[in-house]
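See below for the structure under consideration.
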Amino acid sequence: MDKHYNAQETEKKWYAHWTEKGYFHSTPDERKAYSIVIPPPNVTGILHMGHMLNNTIQDVLTRRARLLGLNACWVPGTDHASIATEAKVVQLLREKGIKKSDISRQEFLKYAFEWKDKYGGIILDQLKMLGASCDWERTRFTMEPKLSEYVIKVFVDLYKKGLIYKGLRMINWDPEAKTALSNEEVQYHEEDSKLYKVRYKIAGTTDEWVTIATTRPETILGDTAIAVNPNDERYSGLKGKSVIVPIVNRTVPIIFDSYVEMEFGTGALKVTPAHDMNDNEIGVRHKLESIDIFNDNGTMSELAKFYVGMDRFEVRKQIVKDLKAQGHIVAIENYKNKVGRSERTGAVVEPRLKEQWFLKMEKLSAMALAAVEDGDVRFYPDHMINMYRNWLKPENVRDWCVSRQLWWGQQIPAFYTKDGKMAVAETVEEALSILNKDGGKYTAEDLKQDEDVIDTWFSSWLWPIAVFDGFENKEELRYYYPTNVLVTGWDIMFFWVARMIMAGYEWAPELLGEGHEAKPFNDVYFTGMVRDKFRRKMSKSLGNSPDAIELIQKYSADGVRFGMLSSAAAGNDIVFDAPFDDKSKKIINESKMCELGRNFTNKMWNALKLLKGWNITEEKPSAVNLLAMKWIEQKLNEQIAEANAGFESYRLSEVLMGLRSLIWDDFCSWYLEIIKPVYGQPIDRSTLDFTIGIFEKMMTLLHPFMPFITEELWANLRARATGDDCVVSRWPEAGNCDAKFLQAVEKMKVVVQNIRDVRAKNQLPEKEQLKMLVKDSESARDFLTEAGMTETIVKIGFLESLDISSEEADATSFLAGTEQYFLFFEKKVNIAEEIARIKKELEYFQGFVVSIGKKLENEKFVQNAKPEVVDAERKKLADSHEKIKLLQEELEKCLKAEG
RNA sequence: GGGUGAUUAGCUCAGCUGGUUCAGAGCAUCUCGCUUACACCGAGAGGGUCGGGGGUUCGAAUCCCUCAUCACCCACCA
């Protein structure tokens, strides 16, 4: 066997094996289902740290479910991500010299699908490298024909229910992608800008002015009023007057609205109803005209009359010059304000009035809120409910703008006639039958379908139903739905989590009938964000995620999984520790997190190597081995119970660290050292077999976290029949453990550690055999009569002998519990140092005795505390007195020796 | 303005229902060791009055209040 574990080859080998065996494929059967649907990554995506964390967690849960004997089904897939993908395809076409505007919708979609077929699967292949045990036969895509069909079906259904409507509303416009965005797709960040104070002449005067403050002087062209607060005495004289808008020379009224804050700026506000959410509301209240001064691409429109065709940011510069020239600029101040940008393109979002399709959210969001409030759907960590509640409060819910002015997506199933009639229907035929209901004679040629597509999230919210083809296959849906858990980042709680809950409650009851759960999942596990060294969230837009594949190649998938999980408590952000180059994504320095995982695989590999190297004898196991076996089995049991409890509450990192400690510390450092035969000697068969059994169980326990190394070791532990693989092994049952026995072993460790410490301090070779005595006492006899105990200490402490002695010995001593031990060797140690050490220890125990004494003298403590706590304190006190006595004796001896 | 979370060893973080398996892990540091599983290692050591201040309690890192600092979310921002 190689000295180092070869992860690269091994991981490839086992993934192929698992796939070939079909272990990840699930079909409904008599077992209980355990299902998870993947949060579908964008087809444009490549694997980043967030995906790795999120999918590793899903894999851990899925693999454990499989080991528990459940019918585990993890459904993978990708999201068509309209804006992101369309932007990418447009860019690629541009590089080929093709403009989107020059080709037809069909041609564009052809290019887009070609692109998707070529690159859309990359991220899924990367998930395989990570070890994801998805049922790849079930891979879905949100824009595949079936899923698109469901989207249309649902759209029409909601329209018929009166929840979808078309309306002229203020929406967020992305001038780069030339599409509407939902509120959630706009991200606000503070940016440096300027606050311009501009004076407008009062109509009918020669030199009377009103000064307003604005950050967007270019929108002056669309002003249709000036507003002041009705309580503002400075402006009370302006009632009924008008002002003249500079540049355009339009006369607009001065209106009074309490929305205006007197303290801000000059207390006077220019009103541009077409280009500001709040101005629009004021405009509605005061019946103001709204003038759309922008084109779709962010240049000035004909209606602006001036600067037509110029870009809005150019206009901003130019208009300030012109205003200055005409004497309208009163002041320009530096100012920080929040600017909304498109999540996908980064373009500054322009609020505009546009005709769009909307979904009424009142009823849906109320259902979604109740589901979580009532504990029907549980959140981990549970405080996430606060964020959720805040979002879904009725006063915070706005209708969802579901139309997008793009081609990549499901086209809105609305059909228009030339004479202005409209029908919403799943097919042209259906549309015609609606339109011709009253004797009309429209034919397919008369109809024109709405140009817009439906928001991507409108397909993702059906995901948990759609991937099981729930709209037509009730059996699958009944078996797998609701899914057990959703694992996702909290950043898409509103985009996606809330909406899936809405969709679940809206359609699952219709599809499954009463008596079946409506919720799409029982639990939601929110992962934290993965942050870089500077605490920035790792994201596509920042481009600050290291190359995931490079990480896997460097540390192995198991190593990376370990690294991610070991520091990821539910909901907590994790800081990725390896610095890497922002541009190349190459890792500059080591990731300690992942290194720890890689080292762990190597440790286990070598443990196996040790077992493999032993010769076997048919002799009976020694007392030492019997004790060790009894102990490791109980430690294993203890850990199984803890792992089970940890999984129950999604404390995955704790489970993993517990297993690591069991394997590395208990199994390798203690157990194997105890049973290890002296060089050249064989091991007895029953101990070896037992050890292999324990190793096997540990591999099953660790398998969900580190699937590859565990499978490899599993295969090498003993000869296997086909199909006897770790991935489909059985999760072990937790047996009993004897607390008193475990404590005795802990004491044994303390004794051994003391022996080692004495050796280290006296520069004694580790294996030089020493004589040791223990002072006779009831507890010493009790401790050492445990079968095999004395022999074990002798063996791993490298002692010549260990005997109970009724007499004080003149030798180096230490305490373990209340027993005093004496080690015999030629002393080189400095007596003064020894005295200092003893004094320090004495001081500690004396202080300890005082504090416990106080506690026990306190009647309230004795009365109120649980009896076992009080007993424990008494025991502590007695032990401490005993220790003090022993230490004092030792001290005296030293002092005497010193002379 | 409303809300959430964090603050524990030099660093990154665990610590669930208050009480010796409660002051922990890993890394880093120091000392010793290339001992025939493993230097991707082993043995040992040092290091924290658990952000400050109050309170509840017999008992608080853990519960309550308050202050401070940091992060984030929502709303507002002319």
Side-chain angles (χ1 to χ4, degrees), chain A residues 1 3-5 188 190 195-197 212-216 219 227 259-261 264-272 276 278-279 335-338 381 383-384 386-387 389-391 393 395-396 490-491 493-494 528-529 531 535 537 555 559 566-569 571-575 577 592-593 595-614 638 645-646 649 651 653-654 657 660-661 668-669 672-673 676 679-680 739 742-743 746 753 756-761 763 765-767 854-856 858-866 868-870 872-873 875-876:
Chain A
M1 282 176 77
K3 196 164 182 180
H4 291 261
Y5 165 63
Y188 291 90
E190 201 153 85
L195 188 64
Y196 302 90
K197 294 199 173 157
I212 55 89
T214 181
T215 52
R216 306 201 51 200
T219 62
Y259 166 76
V260 182
E261 278 185 39
F264 192 91
T266 61
L269 168 72
K270 71 191 244 347
V271 184
T272 320
D276 184 282
N278 295 303
D279 288 14
Y335 185 68
K336 275 193 201 303
N337 68 335
K338 283 191 182 164
H383 66 78
M384 286 293 175
N386 293 315
M387 207 194 286
R389 189 185 291 129
N390 202 31
W391 177 262
K393 272 197 290 214
E395 60 267 35
N396 288 339
W490 49 258
D491 54 335
M493 183 188 280
F494 315 127
M529 299 293 110
R531 296 181 182 279
R535 302 260 157 183
K537 181 173 148 184
Y555 297 106
S566 58
S567 53
N572 281 12
D573 288 358
I574 67 176
V575 176
D577 60 351
K592 291 292 173 192
M593 269 160 42
E595 211 174 302
L596 192 62
R598 184 253 271 143
N599 294 355
F600 186 33
T601 60
N602 192 238
K603 183 73 182 178
M604 292 186 282
W605 175 256
N606 277 290
L608 174 76
K609 209 170 105 182
L610 176 65
L611 296 190
K612 290 271 145 187
W614 287 335
E638 203 177 54
S649 45
R651 288 205 291 267
S653 55
E654 273 179 48
M657 292 322 272
R660 191 200 96 102
S661 172
C668 292
S669 296
L672 290 181
E673 289 303 325
K676 188 159 131 186
Y679 182 61
L742 288 176
Q743 261 170 18
E746 287 311 307
Q753 277 164 342
R756 289 170 178 166
D757 188 26
V758 169
R759 283 183 198 272
K761 291 215 169 87
Q763 280 122 39
E766 200 186 329
K767 288 186 176 172
K854 273 188 193 155
K855 214 186 231 185
L856 285 168
N858 184 336
E859 278 178 34
K860 283 183 181 169
F861 169 72
V862 181
Q863 278 165 18
N864 297 337
K866 279 181 276 182
E868 54 268 36
V869 173
V870 179
E873 293 297 315
K875 173 102 178 24
K876 250 193 278 181

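Sequence lines set the chain letters: A, B, ... in the order given, protein chains first and strands last, and positions in each chain run from 1. Please read all numbers here as calculations on a predicted model, not as lab measurements.
- A 3.5 Å limit on both hydrogen-bonding distances identifies B/A6 as the Watson-Crick or G-U partner of B/U69.
- Contact annotation: the side chain of A/Arg216 never approaches that of A/Thr272 to less than 4.5 Å [non-hydrogen atoms, C-beta and beyond].
- As the counterpart of B/C22, no nucleotide is assigned, since no Watson-Crick or G-U wobble pattern has both distances under 3.5 Å.
- Proximity of A/Arg598 to A/Tyr5: side-chain heavy atoms (C-beta onward) are nowhere separated by under 4.5 Å.
- Heavy-atom minimum distance, A/Lys270 versus A/Asp279: O-OD2, 3.4 Å.
- Proximity of A/Trp490 to A/Met387: side-chain heavy atoms (C-beta onward) are separated by under 4.5 Å at one or more points.
- Listed pair A/Arg651 / B/C16 fails the phosphate criterion, with no side-chain N or O lying under 4.0 Å from OP1 or OP2.
- Base pairing annotation: B/G1 forms a Watson-Crick or G-U wobble pair with B/C74, both donor-acceptor distances under 3.5 Å.
- Straight-line distance from the CZ atom of A/Phe264 to the C1' atom of B/G1: 15 Å, rounded to whole Å.
- Rounded to a whole angstrom, the distance from the P atom of B/U57 to that of B/C22 is 27 Å.
- A/Glu654 comes within 4.0 angstrom of the backbone, heavy atoms only, and of no base.
- Between the C1' atoms of B/G10 and B/A68, the separation comes to 23 Å (whole Å).
- At the phosphate of B/C41, neither OP1 nor OP2 sits under 4.0 Å from any side-chain N or O atom of A/Lys603.
- Among the heavy atoms of the strands lying under 4.0 Å from A/Tyr335 are primed sugar atoms or P, OP1, OP2 only; no base atom is included.
- Listed for the A/Asn386 side chain is a donor-acceptor partner under 3.5 Å among the backbone atoms of A/His383.
- The same atom, P, is picked in B/A9 and in B/A25; the two are 14 Å apart, to the nearest Å.
- Pairing partner, B/C50: none, since no Watson-Crick or wobble contact has both distances short of 3.5 Å.
- The gap from the C1' atom of B/G47 to that of B/C65 amounts to 33 Å, rounded to the nearest Å.
- Put simply, A/Lys393 has no side-chain N or O that comes within less than 4.0 Å of OP1 or OP2 on B/G2.
- Base orientation of B/U21: syn (glycosidic angle within 90° of 0).
- Between the C1' atoms of B/G52 and B/C38, the separation comes to 48 Å (whole Å).
- Spacing between B/U12 and B/A28 at atom P, rounded to whole Å, works out to 15 Å.
- As a whole-Å value, the separation of A/Tyr555 OH from B/C40 P is 13 Å.
- Nucleic acid contact for A/Leu195: sugar-phosphate only, since backbone atoms but no base atoms lie under 4.0 Å from a heavy atom of the residue.
- Between the CG atom of A/Leu672 and the P atom of B/A43 there is a distance of 12 Å, rounded to whole Å.
- Nucleotides B/U4 and B/C67 are separated by 14 Å at their P atoms, to the nearest Å.
- Between the C1' atoms of B/U66 and B/C40, the separation comes to 50 Å (whole Å).
- Using the Watson-Crick or G-U wobble rule with both distances under 3.5 Å, B/U29 pairs with B/A45.
- Between A/Asn606 and B/C40, a side-chain N or O to OP1/OP2 separation shorter than 4.0 Å is absent.
- Note that CZ of A/Phe494 is 7.5 Å distant from CG of A/Asn390, once rounded to the nearest 0.5 Å.
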Would you give me the side-chain donor-acceptor pairs under 3.5 Å for residues 602-611 of chain A, sequence neighbours excluded?
from     : atom 1 : to       : atom 2 : distance (Å)
A/Asn602 : OD1    : A/Asn606 : ND2    : 3.4
A/Trp605 : NE1    : A/Asp2   : O      : 2.7
A/Asn606 : ND2    : A/Asn602 : O      : 3.0

Enumerate the protein-to-nucleotides 74-76 of chain B contacts in which both atoms are nitrogen or oxygen and the separation is below 3.5 Å.
from  : atom 1 : to       : atom 2 : distance (Å)
B/C76 : N4     : A/Lys338 : NZ     : 3.0

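- For A/Lys609 and B/C38, a side-chain-to-base donor-acceptor distance below 3.5 Å is absent, hydrogens and geometry of angles not being considered.
- Projected onto RNA chain B by closest heavy-atom contact, A/Glu638 and A/Ala760 fall at different nucleotides, the more 5' of which corresponds to A/Glu638.
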